[in-house]
J.: 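Below you will find the structure I want to go over with you.
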Amino acid sequence: MSIYDTLNPMQKEAVLHTDGPLLVLAGAGSGKTRVLTHRIAYLIEEKSINPWNILAITFTNKAAGEMRERVDRLVGFGADSIWVSTFHSSCVRILRRHIESLGYTTNFTIYDSDDQKTLMRHVLKGLDMDPKIYKDRAMLGFISTAKNDLVTAQEFELNAGGDFRQKKVAQIYKEYQSQLKKNNALDFDDLIMKTVQLFQNNPEILDYYQERFKYIMVDEYQDTNTAQFKLISLLAGKYRNLCVVGDDDQSIYKFRGANIENILNFEKACPGAKVIKLEQNYRSSQSILNAANEVIRHNRGRKDKTLWTANEEGPLVQFKQFDNASEEADAIVRDILNSSSDYQDCAVLYRTNAQSRLIEEKCLQHNVPYRMVGGVNFYQRKEIKDVLSYLKTIANAQDDLASIRIINVPKRGIGATSLGKVQAFASEHGFSIYDAFCRAKAVPGLGKTAEKVLKFTEQIEDFRGRLEEETYSIHELIEDVLDETGYQKELEAEGEIEYQTRLENIEELINKAVSFEGEHEQPNLSEFLEEVALVADVDRMDDSENRVTLMTLHSAKGLEFPRVYLSGMEDGLFPSMMSISSDDKEDVEEERRLCYVGITRAQNFLMMTAARQRMVNGETRYSRVSRFIDEIPDVLLDSNKLEPRLSASRTDYDVSGLPWGKTKSSGRTAGVSSFGPGNNSYASKTATPVSTPGFGKAFTVEKSASLNYKEGDRVSHVKFGEGEVLEIKDGGRDFEVTVQFDQAGIKKMFASFAKLKLVRV
DNA sequence: ATCTCCTTGTTTTTT
DNA sequence: ACAAGGAGAT
């Protein structure tokens, strides 16, 4: 019996169809990864295809790693010469070799969204545009959309025609591009677009890669954008052995330029394409699948398919509505505890990252270990960006953003004024900022500051020199930078707790460097930086520990858990207000697909929850239950939604036409403009009684009762060991706990950070 | 040059 | 609620 006999007939058909275009419509949990891995194995083992000729594209690096591992297990050898990677890393790899024909140098840097924003601000300032009218984020949005559609700045300008605003945007786009080029940098969207341009301008390079990648597979095809589609079409243009796998019902990245038409029109774009549907779900119970099918049924314009399962029925999907978000979070964490499942089998999913805080708080309160995916991206943390900017400056002296970021970090007495002079000097002579730093003596009006600047550049040159040595490693470099620049000293001065977490983060970066060195024959700094630039948060998710997973619905795509909690099922939150009020009906459909993705993550147990009252952006919001819940027939739900509501009469106040009532609870008294100043007071007055003026305070009291240790208790800390609590002080947001540790001495720390555990004596 | 307070935006999602 | 950027003070 061969490994292919374990596949169902449809899966098997997909595996055996190796030549010519193939679209696999794979419903949630239908074993698409199995199909992909077996298909690769089949190509290598049965069709004797050289692994070298196979390209498999996945959505995240984590998925890539998993796929490689699974292929490794299926085929004995050769699996490591297959390209398994994301669109972005594939493009970087190609560009590193050939980008010189586009006028960049091969040590280009990659700008993340923060860098983009900084650069855009700079561009807007340089063009003397009013930032009130031309907002950085909006401009970047236009540019991103354009790039995803392969529209260059020049084409954008032509398309703008006589439209004044569009012409302005075109001007900004142009300037932004030229600044990027000056910095020898590419943004995320450039990675794809430049690769496409490279192929279009250089047929011989394209031909090389067409010959190289005779068999191409693309996972999560529903989330590809136009540029990515073009890239794939070019690569597969010669041999046409293209297999794409996806599910139109799980397309959730339209906001990022994903073009659902790519999957809906695949057959048109690739004449003669074979289409195979995988409709048997192996993941979820019947009950869960029923709910999922009911929800997604409400979308129009989808490929017709019905997911079924042979799994047992399982418990009904639960739905519970709570009075407020805190109760909701509390109930979820309690339910996890009561279920006596392993923590790692549980996931709490939410629409927005902001919702994670309450869940986290409750986990800490009940001593439930958790792991949070997302939130502030690790590589976007200040200390990480600082260290990386040093590395970037050392690796690529043309990266102005990086040089500017660190010239006065740690403080060297080089402020905005001096920097301004250097920048003026640099742009006048066409130098990069770093080159201008090196010529500080020639910068007019810099005076004594010039020497400080030169001290900095000497240091950088010194590091650069050391890097030439064979034995000098990246992690040593990081450690030396921390030490010799005085960065670490400055961190220390920031205070105990800050210092701790920041240092921990930097240590994690060092670990990353060490493992990078282990994986590469000749570790190269630019390569390290790019690897770091391309990691998503899910990639860093370590699932070996027994912890509850907290993440957004978006990050949950592709994962599965025995026990799933879908929180915040409220209209205005999920589906989001933006999508509800949008002119484009498609927007709510995308949210519905997101809901479908969420439901289908669950294997055995699913609980959906909602809160009647929730704090959002510092204001209390009252919401009704999500329309997605209404779309699931009552018989499929174990629900409390028929119970009387807390404030049935609250609709009386709902004069705004929004699906919720709004209360300004604090701070700004800016009028709700549409009502005019007179009506404004009406809105806030009527709503006040419900908003419990002291809500914030009541909240902290509740938290106080929950700390399970008090002054005088023995507690233990992960790092410091055991000790005695000397003092607990209410520091507003959190409790400040002072502990006399047996070994480590007296430490002050925040309760939620320290995760102290009570020690029974 | 650095610190402080005030204003403003942010919150939908991320490679 | 909270962070980040800008203006004005020190």
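Every chain is numbered from 1, with letters handed out A, B, ... down the list of sequences. Just so you know, these numbers come straight off a predicted model, no measurement behind them.
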J.: In whole angstrom, what separates Asp219(A)'s CG from dT15(B)'s C1'?
T.: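 Going from CG in Asp219(A) over to C1' in dT15(B) covers 15 Å.
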
J.: Under 4.0 Å: is that the gap between some side-chain N or O of Asn408(A) and OP1 or OP2 of dT2(B)?
T.: yes

J.: From CG of Asn225(A) over to C1' of dT15(B), roughly how many Å is that when rounded to an integer?
T.: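 After rounding, the gap between these two atoms is 10 Å.
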
J.: Are any of the side-chain nitrogens in Glu508(A) or Lys512(A) under 4.0 Å away from the carboxylate oxygens of its partner?
T.: no

J.: Starting at atom CZ of Arg121(A), determine the distance to atom P of dA4(C), rounded to an integer number of angstrom.
T.: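 After rounding, the gap between these two atoms is 11 Å.
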
J.: May I ask you to evaluate whether Asn353(A) reaches the phosphate of dT10(B), defined as a side-chain N or O under 4.0 Å from OP1 or OP2?
T.: no

J.: Is the phosphate of dT12(B) approached by Thr552(A) (side-chain N or O, under 4.0 Å from OP1 or OP2)?
T.: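 It does not, given that no N or O in the side chain of Thr552(A) lies less than 4.0 Å from OP1 or OP2 of dT12(B).
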
J.: Under 3.5 Å, is there any donor-acceptor pair linking the side chain of Arg256(A) to the base of dT13(B)?
T.: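 Such a pair does not exist between side chain and base.
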
J.: With a 4.0 Å cut-off on N to O distance, would you call Lys254(A) and Asp587(A) a salt bridge?
T.: yes

J.: Under 4.0 Å, counting only non-hydrogen atoms across every strand here, what does Ser579(A) touch: a base, just sugar-phosphate, or nothing?
T.: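 Counting heavy atoms under 4.0 Å across all strands, no contact is made by Ser579(A).
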
J.: Between atom CD in Glu586(A) and atom P in dT13(B), what is the gap in whole Å?
T.: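 Going from Glu586(A) (CD) to dT13(B) (P), I get 21 Å.
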
J.: Between P on dT14(B) and NZ on Lys147(A), what's the gap in Å once rounded to a whole number?
T.: 21 Å

J.: The side chain of Thr417(A) is closest to which nucleotide in this list: dA1(B), dT12(B), dA1(C)?
T.: dA1(B)

J.: Report yes if at least one side-chain N or O of Arg357(A) is closer than 4.0 Å to OP1 or OP2 of dT11(B); otherwise report no.
T.: no

J.: So does Ser113(A) get a side-chain nitrogen or oxygen closer than 4.0 Å to the phosphate oxygens (OP1/OP2) of dT14(B)?
T.: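 So the side chain of Ser113(A) is outside the cut-off, no N or O lying under 4.0 Å from OP1 or OP2 of dT14(B).
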
J.: Distance check needed: dT12(B) P versus Leu573(A) CG, whole Å only.
T.: 9 Å

J.: Has the side chain of Asn617(A) got a donor or acceptor that lies under 3.5 Å from a partner of the other kind on the base of dT10(B)?
T.: no

J.: Select base, sugar-phosphate, or nothing to describe what Glu591(A) touches, counting heavy atoms under 4.0 Å on all strands.
T.: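 Base contact.
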
J.: NZ of Lys147(A) to CG of Leu191(A): how many Å apart, nearest 0.5 Å?
T.: 9.5 Å

J.: Taking the side chain of Lys411(A) as its heavy atoms from C-beta onward, which of dT2(B), dT13(B), dA1(C) lies nearest to it?
T.: dT2(B)

J.: Specify the residue among Lys117(A) and Tyr253(A) whose closest nucleotide of DNA chain B lies further upstream toward the 5′ end.
T.: Lys117(A)

J.: Output the single nucleotide from dT11(B), dT13(B), dT15(B) whose closest atom is nearest the side chain of Arg351(A).
T.: dT13(B)

J.: I need the CG-P distance between Leu534(A) and dT15(B), as an integer number of Å.
T.: 10 Å

J.: With respect to the side chain of Lys135(A), which nucleotide from dG9(B), dT14(B), dT12(B) is positioned closest?
T.: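 Of dG9(B), dT14(B), dT12(B), dG9(B) is nearest to the side chain of Lys135(A).
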
J.: Are Asn299(A) and Tyr596(A) linked by a side-chain donor-acceptor pair shorter than 3.5 Å?
T.: no

J.: Indicate, with a heavy-atom threshold strictly under 4.0 Å, whether Phe59(A) touches base, sugar-phosphate, or nothing.
T.: sugar-phosphate

J.: Heavy atoms, side chains only, cut-off 4.5 Å: are Arg627(A) and His298(A) in contact?
T.: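 Side chain of Arg627(A) against side chain of His298(A), heavy atoms only: no contact under 4.5 Å found.
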
J.: Look at all strands and tell whether Arg412(A) reaches a base, only sugar-phosphate, or nothing, counting heavy atoms closer than 4.0 Å.
T.: nothing

J.: Is Phe456(A) close to Thr485(A) at the side-chain level, that is, under 4.5 Å between some pair of heavy atoms?
T.: no

J.: Reading DNA chain B from 5' onward, which residue's closest nucleotide shows up sooner: Arg137(A) or Ser418(A)?
T.: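 Closest to the 5' end, via its nearest nucleotide, is Ser418(A).
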
J.: Main chain of Lys411(A), side chain of Glu490(A): is a donor-acceptor contact present, judged purely on distance under 3.5 Å?
T.: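 Here the side-chain-to-backbone pair exists.
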
J.: Separation of Ile110(A) atom CD1 from dT14(B) atom P, in whole Å?
T.: 19 Å

J.: When the C1' atoms of dT12(B) and dG5(C) are compared, how many Å lie between them, rounded to an integer?
T.: 23 Å

J.: Would you mind classifying the nucleic acid contact of Ile414(A) as base, sugar-phosphate or nothing, using non-hydrogen atoms under 4.0 angstrom?
T.: sugar-phosphate

J.: At less than 4.0 Å, is any side-chain N or O atom of Ser555(A) found next to OP1 or OP2 of dT14(B)? Yes or no.
T.: yes

